[in-house]
Every structure is written in structure tokens, then in C-alpha cells.
Amino acid sequence: MDLSGWGWFSARELYANQLAFRREQSGMSLVQLGEKCRYEQSYLHRLETGGRLGTVQAARALDLVYGTGDLLERLWWLAKRETKDRLVLGLAPFEANAASIQEYAVSTVPDLLQTPAYAREQLHLAQLGDEEAEELVAARLGRQARLSGPEPVHYRALIDEAVLCRKARDPKTWAAQLEHLIEVAQRPGVALHVVPFGAGPHHLRSSLELVYLRDGASMAYTQGSWNGHLTNDPEEVEPLRIAFDSLRDAALVPAESLAFLRALLDECSAAGGDGAEGRCP
């Protein structure tokens with residue numbers, strides 16, 4: 001995965017570049033280095049090329065071999081922090097230059113479609129402090145500006161029916177979130193699809209965001225509960241794009257999805273703000 005030129009990836013790149021530089025400076029081959037630090041040659045190669053971050057124990061072992069004090073360990077921690085930040089940010093730093101954004105949501109309403117109250121509930125469940133949570137809420141609202149204005153980005157979202165059955169814990173928050181989804185789904189440039197349970201099994205097992213930039217480049221970010229993977233490698237992006245398109249074809253069309261959401265809101269209102277059970281198992 002070549003992400004050179006994107007300053008956001010500098011910490012991990014710096015760590016990998018330092019590893020390669022220190023070995024070149026030492027005159028050792030990967031085989032010789034492996035014998036000294038007791039790591040496999042293939043593992044060390046992936047560290048030097050940025051294919052994997054590895055463990056802090058490996059960074060410490062390499063510090064000992066090269067006599068670099070705790071330099072490599074410090075760089076490792078910077079890269080690790082960067083990875084954690086990436087899990088929170090995803091492709092957000094690139095959305096400002098996007099011509100098109102596509103998302104599949106498997107467990108929660110996509111960030112770009114969340115109301116402030118729904119976002120706060122999700123972030124508090126992640127055990128974030130009030131100040132940090134409010135900063136992230138403000139950041140999400142700022143990102144949503146790309147869906148409106150004089151030149152809105154083209155946005156397509158696939159929302160799994162499981163998301164709509166899970167609801168929010170606060171009934172009023174959930175009713176407002178449904179109203180917001182209905183409103184946004186009718187904006188020019190926005191296409192919202194519900195993926196019903198009846199669509200059956202498919203290849204996307206985690207949340208996915210695809211960003212197509214104005215210069216023709218494309219990026220993909222898949223996210224699970226504890227990790228995320230970002231790539232701009234066409235060999236990785238293209239299968240994800242195909243899987244997204246295939247799932248879109250199995251989903252409800254926008255008009256059907258809008259009717260689905262309206263029915264959920266009607267059930268929610270009829271139940272005094274606590275609905276969605278009528279359509280969910």
C-alpha cells in the first residue's frame with residue numbers, strides 16, 4: 001500500500017523509513033538482522049516497508065541492535081497513536097476534496113447522517129469524556145456540511161436494516177434521527193438505500209467508506225469494533241467497490257427506502273416515541 005504524499009501517514013512512514021535506514025547504515029542483510037534480534041526475515045521486511053507496524057517489543061529489540069536508545073520505540077508509539085486516531089477519523093480528512101462518497105453502515109447510522117443527540121449517545125457508549133465527545137460531535141457536524149451547500153458532494157449510503165432495528169436508547173433521540181434520515185434522503189445528490197434482512201448474505205462484513213477524489217484517486221476504509229484498514233491500492237479498493245455495488249443492487253431503491261423510514265417513524269410516533277418493533281424481529 002503506497003500512501004506516500006499524504007502527510008497524515010507520516011508517523012508510520014517515518015518509523016518504517018527509520019528501520020530501513022538503520023539497517024542500511026549497519027550494512028546488515030535481513031537474514032543477519034533476524035539472527036541478531038530473533039525475528040523472522042519476512043516479519044522484518046514488512047516492518048521496513050510499512051506492511052505492518054509490529055509490536056513494541058520488536059521496536060525495543062531493534063533499538064538494542066542498532067544502539068539507538070529508545071528512538072525506535074518512541075517512533076513506534078507515535079505510529080500506534082496515529083493508528084488509534086485513524087480509527088476515529090477514518091476518511092474524514094479526505095472528504096473535503098471528495099467528488100463522491102459511498103458508505104455501508106452495518107451497526108450504526110453513518111457519521112455523515114447522525115444527529116447531534118444520536119452522535120453523543122454513540123460516543124458516550126465508547127466511554128469518551130464529555131469534552132472529547134463534544135469535540136467529535138462538532139467534527140461530525142462539520143463534515144456533514146459536504147452534503148449541503150452550493151456544491152454538495154454526491155453521497156450514497158447503504159444502511160443495514162439491523163441499524164434501524166437497534167435504534168437509540170432514548171426514544172426521542174431515535175425519532176429525531178429517523179426524521180433527519182428522511183430529510184437528508186430527499187436532498188439533491190443524496191441516495192439512501194436500506195439493506196433489508198431479506199437481501200440475504202453478502203460479502204461486506206464490516207462498515208465501509210469509499211471516497212473518490214477530484215483528481216481521480218479513490219480510497220477505501222473498512223472498520224470493525226477495534227481496528228480499521230485504510231487503503232488507496234487499486235487492487236484492494238476495486239473488490240470493495242464491486243462488493244458495494246453488488247449490495248446496492250440487492251438493497252431497496254431510494255424511493256422504497258424512504259417509504260421504509262417513514263413507516264418506522266409512524267410506528268415510533270404511534271408508540272409514543274419508542275417504535276421500530278413493528279418491522280423488526
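For the atom pair CD of E179 and CH2 of W174, the computed distance is 12.0 Å after rounding to the nearest 0.5 Å. The OG1 atom of T49 sits 10.5 Å away from the CG atom of N17 when rounded to the nearest 0.5 Å. Here S100 contributes atom OG and R156 contributes atom CZ; the two are 8.0 Å apart, rounded to the nearest 0.5 Å. Distance check: E135 CD to L123 CG gives 11.0 Å after rounding to the nearest 0.5 Å. To the nearest 0.5 Å, atom CG of residue L30 and atom OH of residue Y39 are 15.0 Å apart. Considering CG of L44 and CG of L19, their distance stands at 8.5 Å, rounded to 0.5 Å.
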Assess whether side chain to side chain contact (heavy atoms under 4.5 Å, CB included) is satisfied between V106 and L204, documenting all intermediate values.
CA-CA 9 Å; V106 68; L204 291 178; over 6 Å; no
Quick one, R52 with Y43, criterion side chain to side chain contact (heavy atoms under 4.5 Å, CB included). Give me CA distance, side-chain angles, the key distance, then yes/no.
CA-CA 8 Å; R52 68 180 298 178; Y43 178 82; 3.6 Å; yes
If you apply the rule side chain to side chain contact (heavy atoms under 4.5 Å, CB included), what do you find for H180 with Y118, and how did you get there?
CA-CA 11 Å; H180 182 65; Y118 182 91; over 6 Å; no
Side chain to side chain contact (heavy atoms under 4.5 Å, CB included), that's the test. Do Y221 and V211 meet it? Break it down for me.
CA-CA 9 Å; Y221 182 68; V211 168; over 6 Å; no
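The main-chain N or O of V137 is never found under 3.5 Å from a side-chain atom of R120 such that the two would form a donor-acceptor pair. The backbone N or O of D111 lies less than 3.5 Å from a partner atom in the side chain of Q144, making a donor-acceptor pair. The backbone N or O of L210 lies less than 3.5 Å from no partner atom in the side chain of Q102, so there is not a single donor-acceptor pair. A donor-acceptor pair under 3.5 Å links the side-chain atoms of Q114 to the main chain of V109, judged by distance alone. Judged by distance alone, the side chain of D63 and the main-chain N or O of L72 form a donor-acceptor pair under 3.5 Å. Of the possible donor and acceptor atoms, none in the side chain of Q41 sits under 3.5 Å from a partner among the backbone N and O of E35. Judged by distance alone, with hydrogens and angles left aside, the side-chain atoms of W76 form a donor-acceptor pair with the main-chain N or O of G54 at under 3.5 Å. Judged by distance alone, with hydrogens and angles left aside, the side-chain atoms of S26 form a donor-acceptor pair with the main-chain N or O of R23 at under 3.5 Å. The backbone N or O of S29 lies less than 3.5 Å from a partner atom in the side chain of Q32, making a donor-acceptor pair. Although no hydrogens or angles enter the test, the distance criterion places no donor-acceptor pair under 3.5 Å between the side chain of T115 and the main chain of Q177.
Environment of CZ in R38: sparse, with no more than 12 heavy atoms of neighbouring residues, nucleotides or ligands closer than 6.0 Å. Around the CZ atom of R74, the shell of radius 6.0 Å holds no more than 12 heavy atoms that belong to other residues, nucleotides or ligands. The environment of CD in Q25 is crowded: more than 12 heavy-atom neighbours from other residues, nucleotides or ligands sit within 6.0 Å. When the shell of 6.0 Å around CD of E183 is examined, it contains more than 12 heavy atoms from other residues, nucleotides or ligands. Within 6.0 Å of CD on E24 lie no more than 12 heavy atoms contributed by other residues, nucleotides or ligands. Remark: H45 NE2 is loosely packed, at most 12 non-hydrogen atoms of other residues, nucleotides or ligands lying under 6.0 Å away.
Closest of all the heavy-atom pairs between R169 and P171 is O-CD, 3.4 Å. Closest non-hydrogen pair, Q186 versus I182, comes out as NE2-O, 3.0 Å. Taking every heavy atom of both residues into account, V195 and A199 meet most closely at CG1-CB, 4.1 Å. For the residue pair L240 and A220, the shortest heavy atom distance occurs at CD1-CB, 3.7 Å. Heavy atoms only, all atoms of each residue included: R166 and S107 are closest at NH1-O, 3.1 Å. Minimum heavy-atom separation, P234 to P239: O-CD, 4.2 Å.
Taking 4.0 Å as the cut-off between side-chain N and carboxylate O, R241 and D245 count as a salt-bridged pair. At a threshold of 4.0 Å, the pair R146-E95 does not count as salt-bridged, since none of the basic side-chain nitrogens sits closer than that to a carboxylate oxygen.
Screening L258, L261, L265 against L181 for a side chain to side chain contact (heavy atoms under 4.5 Å, CB included) leaves a single residue, L261.
Counting only heavy atoms from C-beta outward, the side chains of I159 and Y104 never approach each other to under 4.5 Å. In this structure, L33 and E48 have side chains that are in contact, with non-hydrogen atoms separated by less than 4.5 Å. C165 has its side chain within reach of F197: a pair of non-hydrogen atoms, C-beta onward, lies under 4.5 Å apart.
If you chain together hydrophobic residues whose side chains sit under 4.5 Å apart, Y212 and L147 never meet in one group. Linking Ile, Leu, Val, Met, Phe, Trp and Tyr residues whenever their side-chain heavy atoms come within less than 4.5 Å places V56 and L71 in a single cluster. Both V237 and L158 are part of a single hydrophobic cluster, where members link through side-chain heavy atoms under 4.5 Å apart. With hydrophobic clusters built from ILVMFWY side chains whose heavy atoms lie under 4.5 angstrom apart, V253 does not share a cluster with Y155. Under a hydrophobic-cluster definition in which Ile, Leu, Val, Met, Phe, Trp and Tyr are linked whenever side-chain heavy atoms come within less than 4.5 Å, directly or via other members, L113 and L264 are assigned to the same cluster.
Looking at Q18 and R22, their side chains do bring a donor and an acceptor atom within 3.5 Å of each other.
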